[in-house]
Chemist: 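This is the structure I want to talk about, given as C-alpha coordinates.
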Amino acid sequence: MQIAQLLRRKGPDVATIAPDRSVRDALALLAEHGVGALVVSAGGDAVDGIVSERDVVRALHASGPGVLDGPVSALMTVDVRTCVPGASVHDLARTMTDHRVRHVPVVEDGRLLGIVSIGDVVKARLDELEQERAHLVDYIQA
(Lines give C-alpha, C1' and ligand atoms only; values in the text may rest on other atoms or scores of the structure.)
Protein backbone atom coordinates (compact mmCIF):
# COMPACT_ATOMS: atom_id res chain seq x y z
CA MET A 1 0.00 0.00 0.00
CA GLN A 2 1.19 3.48 -0.83
CA ILE A 3 0.92 6.51 1.44
CA ALA A 4 -1.42 8.15 -1.10
CA GLN A 5 -3.94 5.33 -0.55
CA LEU A 6 -3.62 5.69 3.20
CA LEU A 7 -4.26 9.45 2.94
CA ARG A 8 -7.34 8.88 0.77
CA ARG A 9 -8.82 6.69 3.51
CA LYS A 10 -7.65 8.89 6.36
CA GLY A 11 -8.20 12.28 4.78
CA PRO A 12 -5.85 15.20 4.11
CA ASP A 13 -6.51 17.19 7.29
CA VAL A 14 -3.35 18.42 9.00
CA ALA A 15 -3.29 20.46 12.19
CA THR A 16 -0.76 23.25 11.73
CA ILE A 17 0.55 26.13 13.79
CA ALA A 18 2.63 29.18 12.90
CA PRO A 19 6.17 29.24 14.39
CA ASP A 20 5.54 32.48 16.25
CA ARG A 21 2.49 31.18 18.13
CA SER A 22 2.97 30.25 21.78
CA VAL A 23 3.57 26.76 23.11
CA ARG A 24 0.38 27.27 25.14
CA ASP A 25 -1.51 27.78 21.84
CA ALA A 26 0.10 24.60 20.50
CA LEU A 27 -1.16 22.63 23.50
CA ALA A 28 -4.66 23.96 22.94
CA LEU A 29 -4.54 22.90 19.28
CA LEU A 30 -3.18 19.45 20.16
CA ALA A 31 -6.08 18.94 22.56
CA GLU A 32 -8.67 20.43 20.20
CA HIS A 33 -7.66 18.18 17.31
CA GLY A 34 -6.87 15.14 19.45
CA VAL A 35 -3.43 14.71 17.87
CA GLY A 36 0.08 14.18 19.19
CA ALA A 37 1.91 16.59 16.89
CA LEU A 38 1.41 19.74 14.85
CA VAL A 39 3.13 20.69 11.65
CA VAL A 40 4.76 24.08 12.12
CA SER A 41 4.13 26.18 9.05
CA ALA A 42 4.20 29.92 8.53
CA GLY A 43 1.86 29.73 5.55
CA GLY A 44 0.04 26.46 6.20
CA ASP A 45 1.21 24.75 3.01
CA ALA A 46 4.92 24.05 3.68
CA VAL A 47 6.72 22.30 6.53
CA ASP A 48 8.91 24.58 8.65
CA GLY A 49 9.08 22.12 11.54
CA ILE A 50 7.05 19.83 13.74
CA VAL A 51 6.18 20.06 17.43
CA SER A 52 4.92 17.15 19.47
CA GLU A 53 3.60 16.54 22.94
CA ARG A 54 6.97 15.00 23.77
CA ASP A 55 8.76 18.19 22.73
CA VAL A 56 6.61 20.19 25.12
CA VAL A 57 7.06 17.74 28.00
CA ARG A 58 10.83 17.71 27.56
CA ALA A 59 10.96 21.52 27.40
CA LEU A 60 8.80 21.80 30.52
CA HIS A 61 11.11 19.42 32.35
CA ALA A 62 14.27 21.21 31.22
CA SER A 63 13.12 24.83 31.54
CA GLY A 64 9.94 24.98 33.58
CA PRO A 65 6.52 26.47 32.84
CA GLY A 66 7.97 29.64 31.28
CA VAL A 67 8.29 27.73 27.97
CA LEU A 68 4.49 27.80 27.65
CA ASP A 69 4.54 31.49 26.80
CA GLY A 70 7.48 31.18 24.39
CA PRO A 71 7.17 30.57 20.66
CA VAL A 72 6.70 27.12 19.16
CA SER A 73 9.84 27.77 17.08
CA ALA A 74 11.93 27.55 20.26
CA LEU A 75 11.23 23.84 20.70
CA MET A 76 10.08 22.54 17.33
CA THR A 77 12.06 19.95 15.42
CA VAL A 78 13.46 21.61 12.31
CA ASP A 79 14.99 18.54 10.64
CA VAL A 80 11.66 16.91 9.82
CA ARG A 81 11.43 13.48 8.19
CA THR A 82 8.90 13.67 5.38
CA CYS A 83 7.65 11.26 2.75
CA VAL A 84 6.08 11.47 -0.68
CA PRO A 85 2.63 10.08 -1.56
CA GLY A 86 4.22 7.32 -3.64
CA ALA A 87 6.18 5.90 -0.69
CA SER A 88 5.12 2.50 0.58
CA VAL A 89 3.62 2.05 4.04
CA HIS A 90 6.25 -0.62 4.68
CA ASP A 91 9.12 1.76 3.87
CA LEU A 92 7.59 4.50 6.00
CA ALA A 93 7.23 2.09 8.92
CA ARG A 94 10.94 1.30 8.62
CA THR A 95 11.83 5.02 8.50
CA MET A 96 9.68 5.76 11.54
CA THR A 97 11.26 2.89 13.47
CA ASP A 98 14.83 3.65 12.45
CA HIS A 99 14.56 7.37 13.25
CA ARG A 100 12.20 7.02 16.22
CA VAL A 101 9.57 9.41 14.86
CA ARG A 102 5.84 9.02 15.29
CA HIS A 103 4.54 11.62 12.83
CA VAL A 104 5.66 12.13 9.24
CA PRO A 105 4.30 14.90 7.02
CA VAL A 106 3.49 13.91 3.44
CA VAL A 107 4.98 16.44 1.03
CA GLU A 108 5.09 16.75 -2.74
CA ASP A 109 6.89 19.56 -4.56
CA GLY A 110 7.33 21.36 -1.24
CA ARG A 111 3.58 21.35 -0.56
CA LEU A 112 2.09 19.74 2.55
CA LEU A 113 -0.49 17.11 1.55
CA GLY A 114 -1.16 15.33 4.83
CA ILE A 115 0.42 13.69 7.83
CA VAL A 116 0.82 10.04 8.79
CA SER A 117 1.17 8.82 12.36
CA ILE A 118 2.62 5.55 13.54
CA GLY A 119 -0.95 4.54 14.42
CA ASP A 120 -2.01 5.09 10.81
CA VAL A 121 0.88 2.92 9.63
CA VAL A 122 0.08 0.13 12.07
CA LYS A 123 -3.60 0.18 11.10
CA ALA A 124 -2.76 0.07 7.38
CA ARG A 125 -0.38 -2.82 7.92
CA LEU A 126 -2.95 -4.74 9.99
CA ASP A 127 -5.53 -4.18 7.25
CA GLU A 128 -3.06 -5.55 4.68
CA LEU A 129 -2.37 -8.63 6.82
CA GLU A 130 -6.07 -9.26 7.33
CA GLN A 131 -6.67 -9.03 3.59
CA GLU A 132 -3.82 -11.45 2.91
CA ARG A 133 -5.22 -13.85 5.51
CA ALA A 134 -8.67 -13.71 3.92
CA HIS A 135 -7.19 -14.46 0.48
CA LEU A 136 -5.27 -17.43 1.88
CA VAL A 137 -8.37 -18.80 3.59
CA ASP A 138 -10.36 -18.44 0.36
CA TYR A 139 -7.58 -20.17 -1.56
CA ILE A 140 -7.41 -23.08 0.90
CA GLN A 141 -11.18 -23.53 0.95
CA ALA A 142 -11.49 -23.46 -2.86
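None of these values were measured; they are calculated from a predicted model.
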Chemist: Between Ala124 and Arg9, what is the shortest heavy-atom contact and its length?
Modeler: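 For Ala124 and Arg9, the tightest heavy-atom pair comes out as CA-NH2, 4.0 Å.
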
Chemist: Quick check for you: to the nearest 0.5 Å, what is the distance between Glu53 atom CD and Arg58 atom CZ?
Modeler: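 Glu53 CD to Arg58 CZ: 12.0 Å, rounded to 0.5 Å.
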
Chemist: Evaluate the side-chain proximity of Val40 to Thr77: yes if any heavy-atom separation is below 4.5 Å, no if none is.
Modeler: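 Not in contact.
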
Chemist: Starting from Val67, can I reach Leu29 by hopping between I/L/V/M/F/W/Y residues whose side chains sit under 4.5 Å apart?
Modeler: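 In one cluster with Leu29: Val67, yes.
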
Chemist: Can you name the closest pair of heavy atoms from Arg102 and Arg54 and give their distance?
Modeler: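 Looking at all heavy atoms of both residues, the shortest contact is NH2-NH2, 2.7 Å.
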
Chemist: Flag the pair Val56 / Leu75 as yes when at least one side-chain heavy-atom distance between them is below 4.5 Å, and no otherwise.
Modeler: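 They are in contact (side-chain heavy atoms under 4.5 Å apart), so the answer is yes.
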
Chemist: Calculate, to the nearest 0.5 Å, the distance between atoms CG and CG belonging to Leu60 and Asp55 respectively.
Modeler: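 Going from the CG atom of Leu60 to the CG atom of Asp55 covers 11.0 Å.
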
Chemist: How close do Pro71 and Pro19 get, counting heavy atoms only, and between which atoms?
Modeler: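 For Pro71 and Pro19, the tightest heavy-atom pair comes out as CB-O, 3.7 Å.
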
Chemist: Nearest heavy-atom pair of Val104 and Cys83: which atoms, and what distance?
Modeler: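 For Val104 and Cys83, the tightest heavy-atom pair comes out as CG1-N, 3.7 Å.
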
Chemist: Looking only at heavy atoms, what is the nearest atom pair of Val35 and Ala15, with distance?
Modeler: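 Smallest interatomic distance, heavy atoms only, reads CG2-CB, 4.4 Å.
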
Chemist: For the CZ atom of Arg81 and the CZ atom of Arg100, what is their distance to the nearest 0.5 Å?
Modeler: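 One gets 13.5 Å once the value is rounded to the nearest 0.5 Å.
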
Chemist: Roughly how far, to the nearest 0.5 Å, is OG1 of Thr95 from NE2 of His90?
Modeler: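 With rounding to 0.5 Å, NE2 (His90) is 10.5 Å from OG1 (Thr95).
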
Chemist: Between side-chain atoms of residues 105-118 and protein atoms elsewhere (two or more places apart, or another chain), which donor-acceptor pairs fall under 3.5 Å?
Modeler:
| unit_1 | atom_1 | unit_2 | atom_2 | d |
| --- | --- | --- | --- | --- |
| Ser117 | OG | Gly119 | N | 3.3 |
| Ser117 | OG | Asp120 | N | 3.2 |
| Ser117 | OG | Asp120 | OD2 | 3.2 |

Chemist: Are Ile50 and Val78 linked, directly or through intermediate hydrophobic residues, by side-chain heavy-atom contacts shorter than 4.5 Å (ILVMFWY only)?
Modeler: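 No, separate clusters.
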
Chemist: If hydrophobic clusters are built by linking Ile, Leu, Val, Met, Phe, Trp and Tyr wherever their side-chain heavy atoms come under 4.5 Å apart, do Leu68 and Leu38 end up in the same one?
Modeler: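 Shared cluster, yes.
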
Chemist: Cluster question for you: counting only ILVMFWY and a side-chain heavy-atom cut-off of under 4.5 Å, with indirect links fine, are Val39 and Leu7 together?
Modeler: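 In one cluster with Val39: Leu7, no.
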
Chemist: Determine whether more than 12 heavy atoms belonging to other residues, nucleotides or ligands lie under 6.0 Å from atom CZ of Arg94.
Modeler: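 Not more than 12 within 6.0 Å, no.
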
Chemist: Distance from Gln5 atom CD to Ser88 atom OG, nearest 0.5 Å?
Modeler: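 The CD atom of Gln5 sits 10.5 Å away from the OG atom of Ser88.
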
Chemist: Would you kindly confirm whether Met76 and Val47 end up in one hydrophobic cluster when ILVMFWY residues are joined by side chain heavy atoms under 4.5 Å apart?
Modeler: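 Different clusters: Met76 never reaches Val47 through Ile, Leu, Val, Met, Phe, Trp or Tyr contacts under 4.5 Å.
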
Chemist: For His103 versus Met96, what's the shortest heavy-atom pair and its separation?
Modeler: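 Smallest heavy-atom distance, with atoms named: N-CE, 4.0 Å.
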
Chemist: Around His33, counting heavy atoms of other residues, nucleotides and ligands shown, do more than 12 lie under 6.0 Å from its NE2?
Modeler: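 Counting neighbours around NE2 of His33, more than 12 heavy atoms of other residues, nucleotides or ligands fall under 6.0 Å, so yes.
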
Chemist: Can you check whether Ala46's main-chain N or O pairs, donor with acceptor, with Ser41's side chain at less than 3.5 Å?
Modeler: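 Indeed, once roles are kept as given, a pair shorter than 3.5 Å links the two residues.
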
Chemist: More than 12 heavy atoms of other residues, nucleotides or ligands under 6.0 Å from NE2 of His99: is that the case?
Modeler: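 It does: His99 NE2 has more than 12 such atoms within range.
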
Chemist: Is it true that atom NZ of Lys10 has more than 12 heavy atoms of other residues, nucleotides or ligands lying nearer than 6.0 Å?
Modeler: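 Atom NZ in Lys10 is packed in, count exceeds 12.
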
Chemist: To the nearest 0.5 Å, how far apart are CZ in Arg133 and CG in Leu126?
Modeler: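 Separation between the atoms: 12.5 Å.
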
